[in-house]
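Here is the structure we will look at.
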Amino acid sequence: MASSATGPTVRGAARYPYASGWTIFAGVMLISAGLMAVFQGTAAIQKDRVLVVTRSYVYAMNTEGWGWLHLVLGIVVIVAGVAVFSGAAWARVVGVVVAVFGMLANFVWLPYYPLWAIVLIALDALVIWALCVGRVVTPPAPGAGVADHDRPGPERAGPGRS
């Protein structure tokens, strides 16, 4: 243990960012949306009677192939959701990109299972919003008191503060 002017500190103690607030919400929703996409893909692969294929829709495709796409996309969304909990900026960017792809895939999926697709499109929109407005918190340096960390200094004092 080393000693400094502010008190004892631990050598090698790293300060890692962590997710908070809307970022945690986005991570949980990404994992939920990924699980729903996996179920959706599994139902399509099994050629379940849950899916009703319309005849005259612009995007006509094989539901089994589309099911594999949803299954793989769902797994990628789950992995991105878990990565968002790290608080890393790259994980937030990946989360937004994956959510956009999820929205596009579910838009094309609308004629096969409209209610499920609309729910997933709404979840993806909320995830994008939450990842864009959320913030990542970095804990204070070891040895810094809470009062020292949160108290505005002269350079951080705004108008009307001293």
Problem set entry | Trp109 vs Leu120, side chain to side chain contact (heavy atoms under 4.5 Å, CB included): CA-CA, chis, key distance, verdict | CA-CA 10 Å; Trp109 189 254; Leu120 287 176; over 6 Å; no
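- Smallest separation of non-hydrogen atoms from Ile128 and Ala99: CG1-CB, 3.6 Å.
- With values rounded to the nearest 0.5 angstrom, Phe107 atom CZ is found 10.5 Å from Ile118 atom CD1.
- Under the 4.5 Å side-chain heavy-atom criterion for grouping Ile, Leu, Val, Met, Phe, Trp and Tyr, Phe101 is not connected to Val79 through any hydrophobic cluster.
- Across every non-hydrogen atom of Gly27 and Phe85, the tightest pair is C-CZ, 3.9 Å.
- Contact annotation: the side chain of Leu126 never approaches that of Met29 to less than 4.5 Å [non-hydrogen atoms, C-beta and beyond].
- Summarising the geometry of Leu30 relative to Gly81, their closest heavy-atom pair is CB-CA, 3.6 Å, with the distance given to 0.1 Å.
- The two residues Asn106 and His70 make their nearest non-hydrogen contact at OD1-CE1, 3.5 Å.
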For this session: Begin from the C-alpha positions of Thr42 and Val38 and carry the test side chain to side chain contact (heavy atoms under 4.5 Å, CB included) through to its verdict.
Result: CA-CA 6 Å; Thr42 304; Val38 166; 4.2 Å; yes
Problem set entry | Residues Asp124, Val100; criterion side chain to side chain contact (heavy atoms under 4.5 Å, CB included); working and verdict | CA-CA 7 Å; Asp124 287 332; Val100 167; over 6 Å; no
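- Across every non-hydrogen atom of Ala26 and Ala130, the tightest pair is CB-CB, 3.8 Å.
- Taking each heavy atom of Gly102 and Leu73 in turn, the nearest pair found is CA-CD2, 3.9 Å.
- Classification of the Trp129-Trp22 ring pair by plane angle, with boundaries at 30° and 60°, yields perpendicular.
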